[in-house]
Every structure is written in C-alpha cells, then in structure tokens.
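Take a look at the structure set out below.
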Amino acid sequence: MQDYLVGLNPSQREAVEHLQGPLMIVAGAGSGKTKVLTTRIAHLMHNGVDAFNILALTFTNKAAAEMKERIAHILGNNEARNLYIGTFHSVFARILRAEAPKLGYPASFTIYDSDDAKSVVKGILTEMGLDDKTYKPSMVTSRISSAKNALITAEQYVADAGLQAEDAQLRRPQLGQIYLRYTQKCYKNGAMDFDDLLLKMYELLANFPEVLHKYQHKFQYLLIDEYQDTNPVQYQIAKVLAAVHENICVVGDDAQSIYSFRGATIENILQFQTDYDDVKVVKLEQNYRSTSSILNVANAIIKINKGQIPKNLWTDKAEGETIKVVRTMTDNDEGKFVADTIKEQKLRNHFANKDFAILYRTNSQSRSFEESLRRMGIAYKIYGGLSFYQRKEIKDFVAYLRLIANTRDEEALKRIINYPIRGIGKTTVEKLGVIANEQNITMFDAMQRAGEFGFKGGTSDLLKDFATMVRYFQSMLGQNNAYDVAVQVGKNTGLIKELFADRTQEGVARYENVQELLNSIKEWVESPSNDDGEVGEKTLGAYLQQITLLTDADKDTDDPDVVKLMTIHASKGLEFPVVFVAGLEETIFPSGMSINTREELEEERRLFYVAITRAKEKLWLSHANARYRYGQLVQNEPSRFIDEMPDTFVDKTYAGGASRSNTGFNNMGSAFERMHRGGFGGANTPPPVKRATEKPSYLAAPPTPKVVQHTPTENFIVAHTSDIVAGVKVEHAKFGFGVVQSIEGSSHNPVATIVFEQNGEKKIMLNYAKLSIVQG
DNA sequence: GATTGCGCGATTTTT
DNA sequence: TCGCGCAATC
C-alpha cells in the first residue's frame with residue numbers, strides 16, 4: 001500500500017481510490033475533506049494520470065494554495081505545479097485571457113470588482129436620467145449578478161415577460177435596460193466583472209465547439225470543492241467540461257451551504273446523483289475536530305432542517321466541556337465578558353491568543369470586542385472588512401496600471417484623469433464621455449484626438465499630454481517588466497512625491513501601502529509561477545487580473561498570535577480550539593432579514609451549524625439583553641437557536657432559558673456568579689486589568705425591569721408599520737398593551753417609543769416587532 | 001476644484 | 001451611532 005493511503009479511514013480511502021467515473025463525497029464538518037481531495041489527486045497521479053489533465057476548482061485562493069501545498073508534500077516532487085488548481089474565477093480568467101479575442105475582448109481585459117461595477121451602474125443611471133434611490137446601484141448590481149449567475153443574459157432578461165412584469169410590479173421597469181447597457185459598457189471598456197468570468201467562460205464553451213473540445217480533453221479529471229456553494233453557471237460549466245470523460249468528483253456538505261444570497265443553489269449537490277449514471281457516493285462521517293458535546297449539539301441543530309442528505313456525523317473524541325450560554329446586559333458587556341474569559345482561559349489553560357476566535361453574524365458587531373480586547377491588552381485581528389486592494393491609494397495607483405494595460409478601461413481612466421490634479425475638471429470629463437458615446441470611440445481615443453472635438457486649447461493640451469504619458473508607459477512595457485513600469489508611473493505622475501509629502505499618520509500609512517504594492521509587484525514579477533501554478537506570462541494584464549481576484553483572507557500566511565474576529569461566513573473551513581459565537585439574539589442571529597421564509601431560516605440555521613462546528617474544545621455562545629443598534633439601545637429576545645439546542649451538553653441555566661420562562665432579566669448577576677462558581681471560571685478569575693476597584697460593569701449594569709408575560713389576544717393582527725403612529729394604542733405579543741409615544745429613527749427603520757401598561761417604556765424597532773392596533 | 005456639513009441609510013459577501 | 005454621498009460654499 002502507498003504511504004499516503006495509511007492513516008485514511010475506510011470511507012476516506014474509498015473516496016481516494018475511486019478514480020474513474022462520477023463521485024460525490026459528502027464531507028461533514030471536520031471530516032478530513034481536504035486530506036481526501038489532496039490524497040485523491042496524488043493517487044490519480046500515482047496511477048498514471050498526467051498532472052496536466054487534472055483540474056481542481058475551489059472557492060478561495062487560500063483553499064487552492066493549501067491543496068497545492070499538501071499535494072506537493074505528498075508527492076515529494078515538482079509535478080504538482082503542473083496541476084490546474086485554483087478558484088473558479090482565477091482558472092477561468094486565465095483561460096479567458098488565452099481565448100479573449102474569440103469573444104472580442106483584449107487579452108489584458110480588466111476585471112471589474114464590485115466597486116467598479118457599481119460605478120458603471122451609476123454612470124448609466126446618469127445617462128438614462130434615472131434616480132439612484134429607486135435604482136440603488138447596490139440593488140442593481142446584485143440583481144444583474146443574480147441574473148448572470150442564473151445564466152440569464154441581458155437580452156434574455158429584457159425579453160422575459162415574467163421578469164419584466166416583476167420589475168414593473170416593483171417599480172423598477174428600467175432594470176432590464178440598465179442591465180443591457182451595463183453589458184454593453186463593460187464590453188466597450190474591455191472589462192469583465194466577477195460574474196462574467198463565469199458567464200463568458202460558459203459562453204466560450206457553448207459557442208465554440210473547438211474550444212469546448214480542447215478543454216474537455218485537457219481536463220480529463222475534474223474536482224470541485226464546496227460543491228454545495230456552486231451556482232447555476234458553475235454547475236453548467238462543470239457539466240459540459242465533464243461531459244466526455246465523466247470523471248467528475250464533487251465534495252461538499254449540504255449542511256454548510258450558506259451562500260444562497262450569492263446565487264448558490266443547494267440543489268446542485270442534492271441532485272448530483274441524478275446528473276450522471278452510476279454516481280458513487282461516499283460519506284465522510286467521522287469528525288476529527290470537535291469534542292462530542294460540541295458535535296452532538298451541532299447534529300441536533302442541523303437535524304431541525306428539512307430535506308438534507310442523510311448523514312450521521314460522529315466522533316470518538318471525549319465528551320469534553322459543556323457548551324456555555326451566557327447572557328449579558330448589553331453588547332458592551334458581551335465584549336467585556338469575552339475579553340475577560342479569554343484572559344482567564346489563557347491563564348488557566350495555557351491557551352495562546354491564536355487559539356481563540358470570536359464569530360458574529362454581522363461585521364458591525366466587532367466593535368464591542370475590539371474595544372474590550374484593546375482595553376485588556378489582548379492582541380487581535382479582524383478578518384474581513386476593507387481589503388488591501390480596496391484602499392483608495394491602492395485603487396488609484398492600480399488604476400494607472402489598468403489604463404496602461406487596457407486603454408478601453410473607462411472606470412480606470414475616470415479615476416485618475418485628474419489625480420494628481422492636472423486641471424482636467426468634471427465638465428471636461430463629462431464632455432469626453434459624451435463624445436466617446438457619440439463617436440463610438442473610447443474616452444482614451446477621444447482624449448488623444450482632443451483637438452478635433454472643440455476643447456479649448458489649454459484643455460486640449462492637458463488631455464493630449466495625459467494620453468501621451470499613458471502611451472509612454474505602454475511603450476515601456478516592451479522592454480521593461482511590470483515592476484519597472486509601476487515605479488516609473490509613481491515617479492512620472494508625481495504620485496509618490498505627493499503621497500510622501502503628506503506627513504500625517506494616515507498619509508504615512510498611505511505612502512507605505514503604495515510601497516507595499518510596489519513590493520508585491522516586484523515579488524510577483526520575480527516569482528517563477530502565479531498562484532494557480534501558471535508559469536511565465538508575467539504581463540501587466542496578468543498581474544492586474546490576479547490581484548483583483550485576491551482577497552484579504554488569502555494573504556495571511558503568517559500566523560501571528562492574535563485572537564481572530566470574523567463573521568461566521570468568513571470562518572467557514574477554519575477551526576479553533578476555543579470559539580465564541582456572539583450576538584445570539586432574534587433579529588441578529590437569525591437575522592431579521594432572513595426569517596420570512598423557511599428557506600431563509602434554514603440557511604441561518606446552517607450558518608449556526610457552521611459556527612458551532614468551528615470549535616474544537618470549548619464553545620461559548622453569548623447574547624445581550626440589549627444592544628446599541630443605529631444609536632439606539634434596543635432589546636432583543638434570545639435567539640430561537642438557543643432553545644433549539646438540547647439541554648444535555650449545553651449549560652443554559654443562567655441564560656435565555658431563565659429569562660424566557662419569565663423569571664426576569666435581572667438574574668444576570670447571579671448567573672454570572674454561578675458561571676464563575678461552575679468550575680471553569682472559578683476562583684482564579686483575574687480581576688479586569690486596571691479596573692481592580694471596579695466590579696465588571698456587566699455586573700454593575702442597572703437591572704432591567706421584569707417582563708410581565710403577556711399572551712396575545714385572539715384578534716391579534718399584525719399591523720402595517722406605517723399605521724403605527726404616536727397616540728395609537730397597540731398590543732405587543734410579549735409586552736402586552738401600550739400606547740405609542742413617538743416614532744423616531746429613519747423612515748426605513750422606524751423605532752417607536754411605547755409605554756406599556758405592564759412593562760413600562762420600551763423602544764421597539766417596528767421592522768421587527770409584531771404589533772397589533774387595539775381598536776377603541 | 002476643494003472643503004465642509006447635513007441627511008440618510010444601515011445583512012451575510014469565497015470572487 | 002457611524003460613514004457615505006451630495007450640495008452649498010469659498
């Protein structure tokens with residue numbers, strides 16, 4: 001037996017050794033999925049399959065890099081570099097670069113990120129004279145994105161009666177037209193957005209039989225990771241690519257499908273077995289990650305969902321500690337509690353910072369944890385948020401490079417035409433845009449020929465000078481590499497000088513960021529291969545396409561000793577010894593936006609499942625009685641997910657259970673004490689740093705009044721938000737009868753102050769609360 | 001053409 | 001509350 005087969009359990013081995021024909025690996029959380037995938041690829045190669053004939057697709061660069069590294073390790077030679085392993089987007093971008101002329105795109109086509117896409121939409125709205133409140137760019141781009149993911153082209157969109165009727169109903173009849181123009185504009189700009197990388201790849205395969213044939217025969221073995229997160233385009237591409245050899249291996253876990261809002265369809269994995277004949281199904285059900293307590297709770301949660309691939313995830317690990325549910329007074333207290341507990345766990349159990357993760361539903365929840373961790377002097381890092389390449393100074397610099405690589409890129413041009421200031425104002429840019437449209441030329445061409453279009457002499461010269469400079473950089477590309485050109489750009493435009501001149505703290509940071517960008521270009525130019533193993537081809541276009549597809553998560557190769565803060569979405573695929581899942585409150589988790597249909601709620605529950613299964617040893621779940629949302633202190637009920645957890649393995653005694661069964665919110669103090677008596681917090685709890693004389697404020701917080709439980713009356717009808725106005729008598733499902741005092745907050749998110757007969761004054765967010773108007 | 005100030009809106013986001 | 005985008009201003 002091969003060395004690499006030793007140490008696989010029977011199912012893992014079955015999956016690895018199944019070489020020919022369709023294979024579906026249902027891989028539960030922590031069941032050794034990556035190990036199986038990488039070993040299987042090594043095994044394929046060991047059995048004579050050429051690395052050049054294997055394609056493995058992932059969703060993140062990080063996952064791809066990890067696979068590649070592990071395969072190289074198993075093989076112990078350089079063969080792995082010939083494998084095609086990468087994200088859907090990066091692999092397709094590479095293929096599209098090679099085939100671009102067939103589609104009328106330049107090989108150095110620009111990839112538009114979501115900011116670029118929004119900016120294009122804004123331009124179209126202005127052109128069409130549409131209002132950006134009705135057609136919010138974020139809504140429009142996400143709608144266009146959904147259409148593309150569902151393989152609906154702009155032409156099909158405008159021709160589809162159903163979609164047109166729907167848009168008319170929703171008072172956005174022009175959406176199809178915007179989509180159409182957006183598509184045209186991207187084409188004219190020589191640009192593809194993220195979704196186009198998939199859609200154009202599909203069109204390439206669908207419309208060019210010789211191309212299809214070429215890749216069908218090149219990629220004889222296809223592996224797809226996280227299959228439950230694929231969308232219809234990805235599904236179709238995989239299907240046509242695999243059509244000849246049918247050596248397709250998909251790996252996924254329907255229980256961890258959490259990206260439906262990005263177009264993922266869980267049906268892809270649920271129906272894989274009907275897509276091919278003789279599908280071999282292997283289930284990886286042994287979990288190597290978590291204690292049995294954690295796993296049992298996770299299993300109990302996911303069982304509540306309907307329609308899953310049946311599986312029984314088990315572990316031979318010890319029971320471990322119970323899962324603790326903690327209730328705090330406010331979100332700030334929640335932060336303090338977590339920071340305190342981390343400090344204490346480090347002392348008691350010798351954990352390092354990097355053993356902890358704090359997971360939350362929304363990025364905005366990170367604030368209270370940041371504050372408390374900082375106060376405690378605990379190093380932390382927030383994952384997600386603005387990525388390096390989204391910073392303004394980086395985008396500006398990169399825009400020069402984009403324009404040099406592709407002068408059709410109008411978004412890049414508009415970004416830098418007057419940066420640094422060179423006297424080309426808004427009016428001039430608008431005029432250029434109009435001319436470009438009328439003459440059907442690019443804005444760049446219009447600039448070069450400024451003299452012909454009636455610009456004033458001075459303006460005309462400015463435009464031509466700018467174009468000449470860009471042309472000069474382009475000419476440099478012949479003899480110089482991307483790095484040399486970038487350095488020249490920094491010098492000639494005066495960008496570097498200008499950034500250097502700003503000696504404020506932020507200014508220095510911006511300068512350093514640009515230096516870092518230059519370094520990374522240098523590094524890229526000098527490294528033998530790209531991330532997906534691509535050798536050679538160190539063109540500027542290739543560089544730019546690559547960085548656009550890079551995210552923050554990809555470059556944290558170093559493993560500093562910090563507590564990690566991230567959304568649950570971002571935590572998928574990761575594991576930590578100690579996990580805190582915060583904000584387990586109704587309207588937060590599950591999100592108030594996702595409780596209207598069973599499907600939405602089930603996805604929230606899968607998200608909760610993902611959160612729980614990140615933990616190896618210890619797991620805390622916390623929720624706050626009240627938290628600041630949009631500047632207002634708002635009360636939230638404990639999440640329904642707390643109730644859904646079985647009492648065995650979960651210690652909820654001091655938490656939601658009590659308050660929900662109506663013993664009141666003010667048992668928090670004793671709860672906290674009990675928690676610290678309970679053997680894991682204990683006597684050794686260190687006093688909070690620098691605040692030894694103070695009690696932890698989550699104990700000192702003022703008690704909240706008891707809720708007098710109210711049973712809704714029979715004629716309880718949920719009223720429309722707009723009917724709730726000051727003076728109206730209302731009934732709340734939980735707080736009983738009361739009178740509306742006033743309405744505050746934005747029109748989109750009104751907050752009512754209501755004085756209840758039994759429970760006093762409360763602030764209620766009308767979008768979430770169920771209120772009935774009391775007649776008479 | 002840059003600065004300042006008001007008003008409005010506010011999930012999750014592998015690429 | 002916080003951050004953004006636009007409009008008014010110099």
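Source: prediction; values computed, not measured. Chain A is the first sequence line, chain B the second, and so forth, proteins listed ahead of strands; every chain is numbered from 1. Only this structure's heavy atoms are used, side chains among them; waters, hydrogens and symmetry mates stay out.
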Can you name the ring-ring contact (aromatic ring centres under 6.0 Å, His included) partners of Y628(A), sequence neighbours left out? none
So what does L574(A) hit on the nucleic acid, given a heavy-atom distance under 4.0 Å: a base, only sugar-phosphate, or nothing? nothing
Mapping D229(A) and N418(A) to their closest nucleotides on DNA chain B, which lands nearer the 5' end? N418(A)
Would one find more than 12 heavy atoms of other residues, nucleotides or ligands at under 6.0 Å from atom CD of E371(A)? yes
For R422(A), the salt bridge (Lys or Arg N to Asp or Glu O under 4.0 Å) test, sequence neighbours excluded, returns none
Looking at residues at least two apart in the chain, or sitting in another chain, which of them share a salt bridge (Lys or Arg N to Asp or Glu O under 4.0 Å) with R391(A)? none
Between protein and nucleotides 11-13 of chain B, what N or O pairs are separated by less than 3.5 Å?
unit_1  : atom_1 : unit_2  : atom_2 : d
dT12(B) : OP1    : N363(A) : N      : 3.2
dT12(B) : O4'    : R361(A) : NH2    : 3.2
dT12(B) : N1     : R361(A) : NH2    : 3.4
dT12(B) : O2     : R361(A) : NH2    : 2.3
dT13(B) : OP1    : T567(A) : OG1    : 2.3
dT13(B) : OP2    : N363(A) : ND2    : 2.9

Is dT12(B) in the syn or the anti form, by the rule that syn lies within 90° of 0? anti
So that I can compare with my own list, what are the stems of DNA chain B, taken as at least three consecutive Watson-Crick or G-U pairs with distances under 3.5 Å? B:1-10 with C:1-10
Distance in angstrom units between Y383(A) OH and dT14(B) C1', rounded: 16 Å
Would one find a side-chain N or O of K136(A) under 4.0 angstrom from OP1 or OP2 of dA10(B)? yes
With sequence neighbours left out, write down each residue that passes salt bridge (Lys or Arg N to Asp or Glu O under 4.0 Å) with K395(A), or none if nothing qualifies. D113(A), D115(A)
Between L57(A) (CG) and dT14(B) (C1'), how many Å, whole number? 13 Å
Rounded to whole angstroms, how far apart are CG on N149(A) and P on dT14(B)? 14 Å
Can you tell me the distance, in whole Å, between the NZ atom of K148(A) and the C1' atom of dT15(B)? 13 Å
Mind checking side-chain contact (heavy atoms from CB on, under 4.5 Å) for A56(A) and listing every partner two or more places apart, or none if nothing turns up? I41(A), M67(A), I85(A), L223(A)
Considering only residues two or more places apart or on different chains, which pairs with a residue in residues 588-598 of chain A satisfy salt bridge (charged side-chain N to carboxylate O under 4.0 Å, His left out)? R598(A)-E602(A)
Min and max contacting nt of DNA chain C in 5' to 3' order, chain A heavy atoms within under 4.0 angstrom, are dT1(C) to dC6(C)
Partner set under salt bridge (Lys or Arg N to Asp or Glu O under 4.0 Å) for D396(A), not counting sequence neighbours: K392(A), R415(A)
Would you classify I421(A) as touching base, sugar-phosphate or nothing, given that sugar-phosphate means primed atoms plus P, OP1 and OP2, and contacts are heavy atoms under 4.0 Å? sugar-phosphate
May I ask you to verify if any side-chain N or O of N61(A) is less than 4.0 angstrom from the OP1 or OP2 atom of dT15(B)? yes
Expressed in angstrom and rounded to an integer, what is the separation of N268(A) atom CG from dT14(B) atom P? 20 Å
By nearest-heavy-atom nucleotide on DNA chain B, the more 5' of D195(A) and K426(A) is K426(A)
Residue of the set D193(A), D195(A), N231(A) for which side-chain hydrogen bond (donor to acceptor under 3.5 Å, both in side chains) holds with K148(A): D193(A)
Between K572(A) (NZ) and dT14(B) (C1'), how many Å, whole number? 8 Å
Indicate whether the side chain of S145(A) and that of S142(A) have a donor and an acceptor atom separated by less than 3.5 Å. no
Round to a whole Å and report the spacing from CG of D116(A) to C1' of dT15(B). 13 Å
Mind checking what makes ring-ring contact (aromatic ring centres under 6.0 Å, His included) contact with Y179(A), not counting sequence neighbours? Y157(A)
Restricting to side-chain hydrogen bond (donor to acceptor under 3.5 Å, both in side chains), what partner residues turn up for E127(A), sequence neighbours left out? R181(A), K185(A)
Whole Å only: how far is the CG atom of L544(A) from the P atom of dT15(B)? 18 Å
